[in-house]
*Asks:* 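There's a structure below that I have some questions on.
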Amino acid sequence: MPELAEVDFFRRRWDPGVGQIILAVEAHGGKRIFRGIAPGVFHRQLTGAKLLGSESRGKQMLFRFSRNVWLGVHLGMTGEMRVERADFPGGNHDHLLLRQRTRTLVFADARLFGRIRFDVGAALPSWWTRLPPPLDSAEFTVEALAAFLQRRSRSPLKGVLLDQSRFPGVGNWMADEILWRARLSPSARGAQVDARAAKLLWKEIRFVCAGAMRIVSKDYSDPPKSWLFPHRWAKGGRCPRDGVLLGRATIGGRTTAWCPQCQPD
DNA sequence: GGAGTTGTTTAGGA
DNA sequence: TTCCTAAACAACTC
């Protein structure tokens, strides 16, 4: 279920292991998760390395180790990170276990849509430096947003917001939340967003990203009832603004909830 | 048992 | 070329 803030929440779950050596590496099954990685090098380089720190960008995570070792994690649809005791045997979907003296850092993923990346080098890995600018950075401007909406003039806005090359970290619930706040129909096309609407959309993208990071990433709390979030999957869910029954349909390839009253086509 | 799932990639059509 | 859609990936829950 991980989007921007959920990803950061899971990233920090490995924080207790910072400063500690990896004594052993266990990668179980799920070859798909480790695609592109040579198993021998992976085990050899990571074993004995010390976890130094981590950061997240959008839905991507980077873990920095001593010996110029870098580990990337993407959670896919069902990935998660945990910490278990040192002798934890590993469960069915626990694909990566990093053993430390007093704990085990675990990456689990039931559906195998996640991905582990790996690199050794003095410089940041290219798969990290090539990531798009974060939405809370100065590079994400109203002008850039408007230009992109024109380029994607025929796409439904829901699909546009899910484009990770432009809106890193935005997933299904955040896209619905943003469009609901900006009072834009998820099925409206990019070309229908005029300058004034683009400015509001930009503002709500910033708001939802910042709010999610503040509320969700701290302890995985749900956003409050004043947000669309708690209402969007509820049976008979209603718009927290006007009480109108929410619409639900597949838009841009994803199940979408919106308020027909305040987000008219 | 069938449908649906908060993600990404790819093939193929427009 | 560029853009857009649908399917595939895989396993669990309701």
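Proteins come first, then strands; the chains are lettered A, B, ... in the order of their sequence lines, and each starts at number 1. The figures here come from the full heavy-atom set of this structure, side chains too, leaving out hydrogens, waters and symmetry mates.
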*Asks:* State which residues pass ring-ring contact (aromatic ring centres under 6.0 Å, His included) with A:Trp227; sequence neighbours excluded, sorted by chain then number.
*Replies:*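 A:Phe207.
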
*Asks:* Can you give the first and last nucleotides of DNA chain C, 5' to 3', that have an atom under 4.0 Å from a heavy atom of chain A?
*Replies:*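 Listing 5' to 3', DNA chain C meets chain A from C:dC3 to C:dC12.
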
*Asks:* Please report the distance, rounded to the nearest Å, between CD in A:Glu3 and C1' in B:dT5.
*Replies:*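 After rounding, the reported distance stands at 12 Å.
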
*Asks:* Are A:Arg82 and A:Glu80 ion-paired here, with the side-chain N under 4.0 Å from a carboxylate O?
*Replies:*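 Salt bridge: yes.
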
*Asks:* Within residues 243-256 of chain A, find the residues that approach DNA chain B with a heavy atom at under 4.0 Å, and present them sorted by residue number.
*Replies:*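 The answer is A:Arg254, A:Thr255.
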
*Asks:* Say you pick atom P in C:dA7 and the same atom in B:dA3; how far apart are they, in whole Å?
*Replies:*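 Result for the P pair: 14 Å, nearest Å.
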
*Asks:* Would you say the side-chain atoms of A:Arg103 and A:Gln100 include a donor-acceptor pair closer than 3.5 Å?
*Replies:*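 Their side chains do contain a donor-acceptor pair, which is all the 3.5 Å distance test asks for.
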
*Asks:* Which whole number of Å gives the distance between the P atom of C:dA6 and that of B:dG4?
*Replies:*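 Rounded to whole Å, the distance is 15 Å.
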
*Asks:* Could you tell me whether A:Arg99 and A:Glu26 make a salt bridge, using a distance below 4.0 angstrom between a side-chain N and a carboxylate O?
*Replies:*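 So A:Arg99 pairs with A:Glu26 through a salt bridge.
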
*Asks:* Of all residues at least two apart in sequence or in a different chain, which pass the side chain to side chain donor-acceptor pair (under 3.5 Å) check with A:Arg166?
*Replies:*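 Partners of A:Arg166 by the side chain to side chain donor-acceptor pair (under 3.5 Å) criterion come out as none, since no residue qualifies.
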
*Asks:* Using salt bridge (Lys or Arg N to Asp or Glu O under 4.0 Å) as the criterion, list what pairs up with A:Lys158, not counting sequence neighbours.
*Replies:*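 Salt bridge (Lys or Arg N to Asp or Glu O under 4.0 Å) list for A:Lys158, sorted by chain: A:Asp176.
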
*Asks:* What residues, two or more places apart in sequence or in another chain, satisfy ring-ring contact (aromatic ring centres under 6.0 Å, His included) together with A:Phe113?
*Replies:*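 In terms of ring-ring contact (aromatic ring centres under 6.0 Å, His included), with neighbours along the sequence ignored, A:Phe113 is linked to no residue.
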
*Asks:* Anything under 30° is parallel, anything over 60° is perpendicular, the rest tilted; go ahead and classify A:Trp14 against A:Phe63.
*Replies:*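 The rings of A:Trp14 and A:Phe63 sit tilted, inter-plane angle from 30° to 60°.
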
*Asks:* Which residues pass the side chain to side chain contact (heavy atoms under 4.5 Å, CB included) test with A:Ala191, sequence neighbours left out?
*Replies:*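 Checked A:Ala191 against side chain to side chain contact (heavy atoms under 4.5 Å, CB included); matches are A:Ser153.
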
*Asks:* If you measure from the P atom in B:dT9 to the same atom in C:dC12, how many Å do you get, rounded?
*Replies:*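 Straight-line distance between the two P atoms is 23 Å.
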
*Asks:* Grab the CD-C1' distance between A:Glu6 and B:dT5 for me, whole Å please.
*Replies:*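 That distance rounds to 14 Å.
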
*Asks:* Does the side chain of A:Lys59 get closer than 4.0 angstrom to OP1 or OP2 of B:dT8 through an N or O atom?
*Replies:*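 It does, given that an N or O in the side chain of A:Lys59 lies less than 4.0 Å from OP1 or OP2 of B:dT8.
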
*Asks:* Can you list, by chain and residue number, the hydrophobic cluster partners of A:Ile21 when the side-chain cut-off is 4.5 Å?
*Replies:*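 Members other than A:Ile21 - counting any ILVMFWY side chain reachable under 4.5 Å - are A:Leu23.
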
*Asks:* Under the 4.5 Å side-chain heavy-atom rule for ILVMFWY, direct or indirect, which residues accompany A:Val106?
*Replies:*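 Besides A:Val106, the hydrophobic cluster comprises A:Phe88, A:Leu97, listed by chain and residue number.
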
*Asks:* Do A:Trp202 and A:Glu143 have a side chain donor and acceptor closer than 3.5 Å?
*Replies:*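 Note: A:Trp202 and A:Glu143 side chains miss the donor-acceptor criterion.
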
*Asks:* Stem list for DNA chain B, please, built from Watson-Crick and G-U wobble pairs under 3.5 Å and keeping only runs of at least 3.
*Replies:*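 Stems for DNA chain B, defined as runs of 3 or more consecutive pairs: B:2-5 with C:11-14, B:7-14 with C:2-9.
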
*Asks:* Pull out every residue in residues 142-163 of chain A that has a heavy atom closer than 4.0 Å to any atom of DNA chain B, ordered by number, or say none.
*Replies:*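 DNA chain B contact set from residues 142-163 of chain A: none.
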
*Asks:* Between B:dT8, B:dT5, B:dT6, spot the one nearest the side chain of A:Arg111, thanks.
*Replies:*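 The answer is B:dT5, which lies nearest to the side chain.
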
*Asks:* Of all residues at least two apart in sequence or in a different chain, which pass the ring-ring contact (aromatic ring centres under 6.0 Å, His included) check with A:Phe148?
*Replies:*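 ring-ring contact (aromatic ring centres under 6.0 Å, His included) check on A:Phe148 returns A:Phe167.
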
